[in-house]
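The chains referred to below are lettered A, B, ... by the order of the sequence lines, with proteins before strands, and numbering in each begins at 1.
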Protein chains: 2
Amino acid sequence: MKPPRPTPRTITKRPATMAEVAARAGVSAMTVSRALKSDGAVSEETRRKILAAVDELGYVLDLSAGALSSKRTGFVAVLVPSINNSNFSDTARGITEIIESQGLQMLLGYTDYDMEKEEQLVQAMLTRRPDGIIVTDGRHTPKARRMLQSAGIPVVETWDLPADPIDHVVGFSNAEASRALVHRLYQKGYRNIGFIGGASRRDTRGADRRLGYTRAVEELGLPAGRTISFGNPPISMEQGGQAIVHLIQQWPDVDAAVCVSDLSAFGAIMECHRRGWAVPGRIAIAGFGDFEVSRWAWPRITTVAVDCRNIGLEAGRILLGALDDIQNERPPNPATLIVPFEVIEREST
Amino acid sequence: MKPPRPTPRTITKRPATMAEVAARAGVSAMTVSRALKSDGAVSEETRRKILAAVDELGYVLDLSAGALSSKRTGFVAVLVPSINNSNFSDTARGITEIIESQGLQMLLGYTDYDMEKEEQLVQAMLTRRPDGIIVTDGRHTPKARRMLQSAGIPVVETWDLPADPIDHVVGFSNAEASRALVHRLYQKGYRNIGFIGGASRRDTRGADRRLGYTRAVEELGLPAGRTISFGNPPISMEQGGQAIVHLIQQWPDVDAAVCVSDLSAFGAIMECHRRGWAVPGRIAIAGFGDFEVSRWAWPRITTVAVDCRNIGLEAGRILLGALDDIQNERPPNPATLIVPFEVIEREST
DNA sequence: ATCGCTTACGATATCGATAACAATCGGGCG
DNA sequence: CGCCCGATTGTTATCGATATCGTAAGCGAT
């Protein structure tokens, strides 16, 4: 009895290799390799033959293999708290813009605002032997810190000013920014200022913003401790709406609220609309981050703006510089770049 | 004269190799490899010794090297139009959730709603020899299509229902969804419905939504052609605001507007607020995508909801299934999964 | 003609892991 | 007691590219 008809197997057309291209072009693999790098010294004619062979075979270079011999993977690991947050995705985009000009590829990971998760991700990323790594945080678990330090690659910490930098830094002080915002509200005449933020200490930037708020009200001699902690980061619009109600119920005399992000500020403002509380008449509301929604909401939302894309651009540039230093065996030269922030006053305060 | 103090060179502590771990643990490299995979058959005692050695040397597995011999890189390439769009970042997140359970890594790329850029990205991604690829589109340049087909790996097209699928599909008909929305507006009594979208044909999903609108107004015998095209995708809140003004000036009798996305709908509504045009009294406004802002804006925005994260989850699952089929030498089994959409009526219409 | 130098290319030895197969050891069983 | 078997571990040969060094040819200067 014959066996059943053989199942039609996938024609897993194994991708062509460089050797096959070489054979077809009548040259050695090494010459193909050179032809496919821009810097290779190859005569015009052989290059033509090689490119023709590449085209005929539909060959695409295998960088996984190349990475092994050249010891440069062309990866840049990037860790962000969340990709749904447009601030961070702007930064990621800035990084991409810079590094892709050098043929580098971003390896993106989400920490979910969690240092433990960050630690796992650092380990997972190092497994791919990236040429450099950019993290969105100045605080790490001891183990994560150790791994970053001993990885032997440039590290850039962004969005923060770490007390004890690992290597390079591109950031700003979230506390100072928040403090400046409170001062501005004070100048405008507000005297009972509350703060709305997340309940978790995982979000270190959020914690810093709260710290800046606390310092400012102390400095100014304003009533302190008027803070509402609500939910895990990222604080949503919904949570902003709930928090503002709590804030006003608990301290009916508050005349202004600083929110940990524009999203919660927006939620708060919309909840006030719904309840007929005028903004800023009954209560002024400010956010953080200058998200698109703050520029187009009505009232437009007072906020602290940071050029997120620029943070990415600068982090990318610094990383490229560091890679260049390594390439040319120059000594390492850790840099700290402080990017500016700006308090933008709009109709919500 | 002595030369200047030698510059302190980087201690580029070359990362430890598996062989070094093996030597330290007194076993062969192969045994280390087995110990570090979960499935490896290794006695408890040797595993202990090996893990100790790993710890002492701070060893992390080099997957680049592993990929070369095992012929599986553990990468899944994912192409999205934009990462700043929370719909797509939700999908990306869903994909990550599924694939990271299998130890796979996402390689993310942005096409900027541009098929040419997509083509370049496909090529760049294939260079990394991913085990599978997920794209957010049903239309591609001929070359991109050819590369995807001949890559010999599972392909999943999402967010669309391609007429001629390459392999697997997880999507829905943007045209149908848009059509359903217009019908719903009709039921509510609106008879002069306009459409606000991007000027570029690059955004194929946007074009499909416009198509659905056009079909619907034809079916219903409503005045047609009341569409405003404005700016390149992604259409921003600002552009939505500008477009609604044009729409109303051009056709003063419009009583409802369908926007290509919630973001432009939000911008339009806020512009109406500013001008004192009641929404939905003067004009009803609907969006697409069920973004967070639509749920918390006031009025809340009528929209078409799709479970974006779920698209990612399902795409991930289908991809894993396909990889499993390959592993077990089962025949390929291209699947098309149509995910539901839902018109959600809120106060803006 | 010789030398020196540049340009274009090939041969070989890796890079660091894993696949595939071989080897060893102990124990169960006829 | 001999044989077979499963569990554990080692050996060897890759995977597909690139680094490095070597070689041959071409060419101008002396």
Side-chain angles (χ1 to χ4, degrees), chain A residues 12 14-51 53-54 57-75 103 126-131 152 327 329, chain B residues 12 14-50 53-54 57-75 103 126-131 151-152 327 329:
Chain A
T12 344
R14 184 185 47 77
T17 72
M18 189 174 270
E20 288 162 11
V21 174
R24 184 167 193 117
V27 297
S28 75
M30 198 56 232
T31 304
V32 175
S33 175
R34 280 191 273 251
L36 295 183
K37 312 256 147 213
S38 42
D39 61 335
V42 178
S43 75
E44 254 332 294
E45 182 174 345
T46 25
R47 184 189 304 275
R48 240 190 351 85
K49 279 193 300 188
I50 290 172
L51 292 183
V54 163
L57 295 174
Y59 174 71
V60 268
L61 193 58
D62 184 339
L63 285 183
S64 315
L68 188 55
S69 37
S70 70
K71 311 203 122 214
R72 303 182 64 250
T73 56
F75 283 130
L126 290 184
T127 244
R128 300 291 186 174
R129 297 288 189 271
D131 296 336
Q327 176 108 20
E329 301 191 346
Chain B
T12 341
R14 186 184 48 75
T17 72
M18 189 175 270
E20 288 163 9
V21 174
R24 185 170 193 116
V27 297
S28 75
M30 197 59 231
T31 305
V32 175
S33 174
R34 280 190 274 251
L36 295 183
K37 312 258 145 210
S38 42
D39 60 335
V42 178
S43 75
E44 253 334 292
E45 184 174 344
T46 26
R47 183 188 304 276
R48 241 190 348 85
K49 278 193 301 187
I50 290 172
V54 163
L57 294 174
Y59 174 71
V60 269
L61 194 58
D62 184 340
L63 286 183
S64 312
L68 188 55
S69 40
S70 69
K71 310 204 120 215
R72 302 182 64 251
T73 56
F75 283 129
L126 290 183
T127 240
R128 300 292 185 174
R129 297 288 190 271
D131 296 336
Q327 176 109 20
E329 301 191 347

* **Which nucleotide in D:dC15, D:dA19, C:dG16 has an atom nearest any side-chain atom of A:Ser70** => D:dA19

* Roughly how many Å is it from CG in A:Leu61 to P in D:dG16, rounded to a whole number? -> 13 Å

* Listed nucleotide nearest any side-chain atom of B:Thr31, set D:dA17, C:dA8, D:dG10 -> D:dG10

* Classify the nucleic acid contact of B:Ser64 as base, sugar-phosphate or nothing, counting any heavy atom under 4.0 Å across all strands shown. => nothing

* Asked: Roughly, in whole Å, what's the span from CD in A:Glu45 to P in D:dA25?
  -> 17 Å

* N or O in side chain of B:Tyr59 less than 4.0 angstrom from C:dG16 OP1/OP2 -> no

* Structure fact -> Which of D:dT8, D:dT11, D:dT18 is nearest the side chain of B:Met30? It is D:dT11

* Structure fact -> Tightest non-hydrogen contact, residues A:Ala22 and A:Ala29, listed as CB-N, 3.5 Å

* If you look at every strand shown and take non-hydrogen atoms under 4.0 Å, does A:Thr17 touch a base, only sugar-phosphate, or nothing? -> sugar-phosphate

* Asked: Do B:Arg24 and B:Val54 pass the side chain to side chain contact (heavy atoms under 4.5 Å, CB included) test, and can you show the C-alpha distance, the side-chain angles, and the key distance before you say yes or no?
  -> CA-CA 9 Å; B:Arg24 185 170 193 116; B:Val54 163; over 6 Å; no

* Should A:Met18 and A:Asp62 count as side-chain neighbours, where that means a heavy-atom distance under 4.5 Å? -> no

* Proximity to the side chain of B:Lys71 - top-ranked nucleotide from C:dG16, D:dC15, D:dG10 -> D:dC15

* Structure fact -> Against the side chain of B:Val42, the closest entry in D:dT9, C:dA17, D:dG10 is D:dT9

* Asked: Of all the nucleotides listed (C:dA11, D:dT9, D:dA17), which has the minimum atom distance to the side chain of B:Thr46?
  -> D:dT9

* **Spacing between B:Arg14 atom CZ and C:dT14 atom C1', to the nearest angstrom** => 14 Å

* Asked: Which residue lies toward the 5' end of DNA chain D, B:Ala67 or B:Gly26, if each is placed at its nearest nucleotide?
  -> B:Gly26

* Structure fact -> Among C:dG16, C:dT18, D:dA19, the one nearest any side-chain atom of A:Leu68 is C:dG16

* Which nucleotide in the set D:dT8, C:dA8, C:dA17 lies at the smallest distance from any side-chain heavy atom of B:Ala65? -> C:dA17

* Could you state the atom-to-atom distance from CZ of B:Arg129 to C1' of C:dT18 in whole Å? => 18 Å

* Asked: What is the distance, rounded to the nearest whole Å, between atom CZ of B:Arg128 and atom C1' of D:dA17?
  -> 13 Å

* Whole-Å distance separating the CE atom of B:Met18 from the P atom of C:dT14 -> 20 Å

* Structure fact -> Taking every heavy atom of B:Arg128 against every heavy atom of B:Phe75, the minimum-distance pair comes out as O-CD1, 4.0 Å

* What's the shortest heavy-atom distance between B:Val42 and B:Ala35, and which atoms? -> CG2-N, 3.8 Å

* Check if the side chain of A:Arg34 and the base of C:dG10 share a donor-acceptor pair of N or O atoms closer than 3.5 Å. => yes

* Atom-pair distance (CG on B:Leu36; P on C:dG16), nearest Å -> 16 Å

* **For the student: nearest non-hydrogen atoms of B:Arg72 and B:Asp131, plus distance** => CA-OD1, 3.6 Å

* Between B:Lys49 (NZ) and D:dT8 (C1'), how many Å, whole number? -> 12 Å

